[in-house]
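Notes for the one structure printed next.
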Amino acid sequence: LLNCCNLVALKARESGVDLVTRVPDDLPIVNGDPRAFKQIVLNLVSNAIKFTERGGKVTVSAGIEGSRLLLRVSDTGVGIAADDLKRLGDPFFQAGKTYQRRHEGTGLGLSIVKGLVGLHHGDMNVESKVGEGTIVSVALPLAFTPPAVEPSSNVSTLKPALRSGLQEQTHQVKKSA
């Protein structure tokens, strides 16, 4: 978690945004895909920095509640309108009217987070007010067990078709300086 925050700390500094982390020293390791966890944190923190004005603050906190890791990224950014909150996390959706947007992006960041959280049997919640900021909370089970992959009966091995009348040809490629 701290490594991810360190990766985006320069962007925060360049944007004039305070990046604060509140993570206990004894935070256990989540049993899941470490690359997915890193992607979740990077996407959430990057978004928070991107949509927070100079002089604002992004806070990343984590803790344990029962058998779940709670990750919370809050910002004092531009916020998200109530109408847009319903569609947040849909692929390619970007909150705000097109003519109001000052930030580039594909609209995939939160969609990816939502998908990765779901794959780990976790929950994601977004609270926001325009002009006040946004809080994204993610709860992931500490003891994640990936589902067993059952062999599928409709899987077959594809073999390339033989081309009739063609002999195997060897091609040489000459490199020129």
Side-chain angles (χ1 to χ4, degrees), residues 1-82 84-96 101-144 146:
L1 183 64
L2 292 175
N3 289 339
C4 292
C5 290
N6 288 336
L7 287 173
V8 294
L10 179 60
K11 176 66 176 159
R13 198 169 332 139
E14 289 172 348
S15 301
V17 173
D18 278 340
L19 178 59
V20 178
T21 55
R22 294 188 180 134
V23 180
D25 293 333
D26 61 345
L27 199 63
I29 294 174
V30 176
N31 181 12
D33 184 346
R35 293 170 302 164
F37 183 72
K38 183 177 183 178
Q39 193 67 58
I40 290 168
V41 175
L42 286 173
N43 285 8
L44 292 179
V45 178
S46 295
N47 270 1
I49 292 168
K50 183 194 307 188
F51 294 105
T52 299
E53 302 290 329
R54 185 170 290 283
K57 182 176 172 181
V58 171
T59 304
V60 181
S61 57
I64 300 300
E65 187 175 283
S67 62
R68 297 168 73 101
L69 169 76
L70 296 180
L71 170 67
R72 183 174 161 149
V73 179
S74 61
D75 65 58
T76 58
V78 297
I80 303 163
D84 289 340
L85 279 174
K86 292 176 254 172
R87 294 202 46 215
L88 215 56
D90 289 353
F92 304 107
F93 175 74
Q94 292 180 302
R101 278 196 215 118
R102 296 181 308 223
H103 307 283
E104 292 185 23
T106 59
L108 290 174
L110 279 180
S111 175
I112 291 169
V113 169
K114 186 178 175 181
L116 292 173
V117 168
L119 286 171
H120 284 79
H121 304 291
D123 299 307
M124 181 176 93
N125 183 49
V126 181
E127 303 168 45
S128 188
K129 287 189 180 177
V130 175
E132 291 184 23
T134 303
I135 300 169
V136 180
S137 303
V138 170
L140 296 171
L142 289 172
F144 170 72

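Since we're looking at a predicted model, the values are computed, not measured. FYI, the numbering just counts along the sequence from 1.
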Just checking Ile29: does its CD1 atom have more than 12 heavy atoms from other residues, nucleotides or ligands closer to it than 6.0 angstrom?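 Not more than 12 within 6.0 Å, no.
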Is it true that atom CZ of Arg72 has more than 12 heavy atoms of other residues, nucleotides or ligands lying nearer than 6.0 Å? no
Given side chains that start at C-beta, do those of [X] and [Y] come closer than 4.5 Å, heavy atoms only?
X      : Y      : result
Val60  : Leu71  : yes
Val20  : Val58  : no
Glu53  : Thr76  : no
Pro28  : Leu142 : yes
Lys57  : Val17  : no
Leu116 : Phe37  : no
Thr134 : Val126 : yes
Leu110 : Leu44  : yes

Pairs meeting criterion side-chain hydrogen bond (donor to acceptor under 3.5 Å, both in side chains) with involvement of residues 4-27, two or more places apart: none
Carefully, step by step, assess Leu19 and Val8 under the rule side chain to side chain contact (heavy atoms under 4.5 Å, CB included). CA-CA 9 Å; Leu19 178 59; Val8 294; 4.1 Å; yes
Judged by atom type as modelled, is there a donor-acceptor pair below 3.5 Å linking the side chain of Ser74 to the main-chain atoms of Ile135? no
Give a yes or no answer on whether the side chain of His120 reaches the backbone of Asp33 with a donor-acceptor pair at less than 3.5 Å.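 Checking the backbone N and O of Asp33 against the side chain of His120, a donor-acceptor pair under 3.5 Å is found.
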Do Glu127 and Asn125 pass the side chain to side chain contact (heavy atoms under 4.5 Å, CB included) test, and can you show the C-alpha distance, the side-chain angles, and the key distance before you say yes or no? CA-CA 7 Å; Glu127 303 168 45; Asn125 183 49; 3.5 Å; yes
Working to the nearest 0.5 angstrom, can you tell me the gap between Leu27 CG and Leu69 CG?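 The distance works out to 5.5 Å.
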Output the distance between atom SG (Cys4) and atom CD (Gln39), rounded to the nearest 0.5 Å. 9.0 Å
Nearest non-hydrogen partners of [X] and [Y], listed with the distance:
X      : Y      : answer
Gly133 : Ser128 : O-OG, 3.0 Å
Val117 : Met124 : CG1-N, 4.1 Å
Leu70  : Ala139 : CD2-CB, 3.4 Å

What residue among Ile40, Leu42, Val41 forms side chain to side chain contact (heavy atoms under 4.5 Å, CB included) with Lys38?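 Testing each of Ile40, Leu42, Val41 against Lys38, the sole residue satisfying side chain to side chain contact (heavy atoms under 4.5 Å, CB included) is Leu42.
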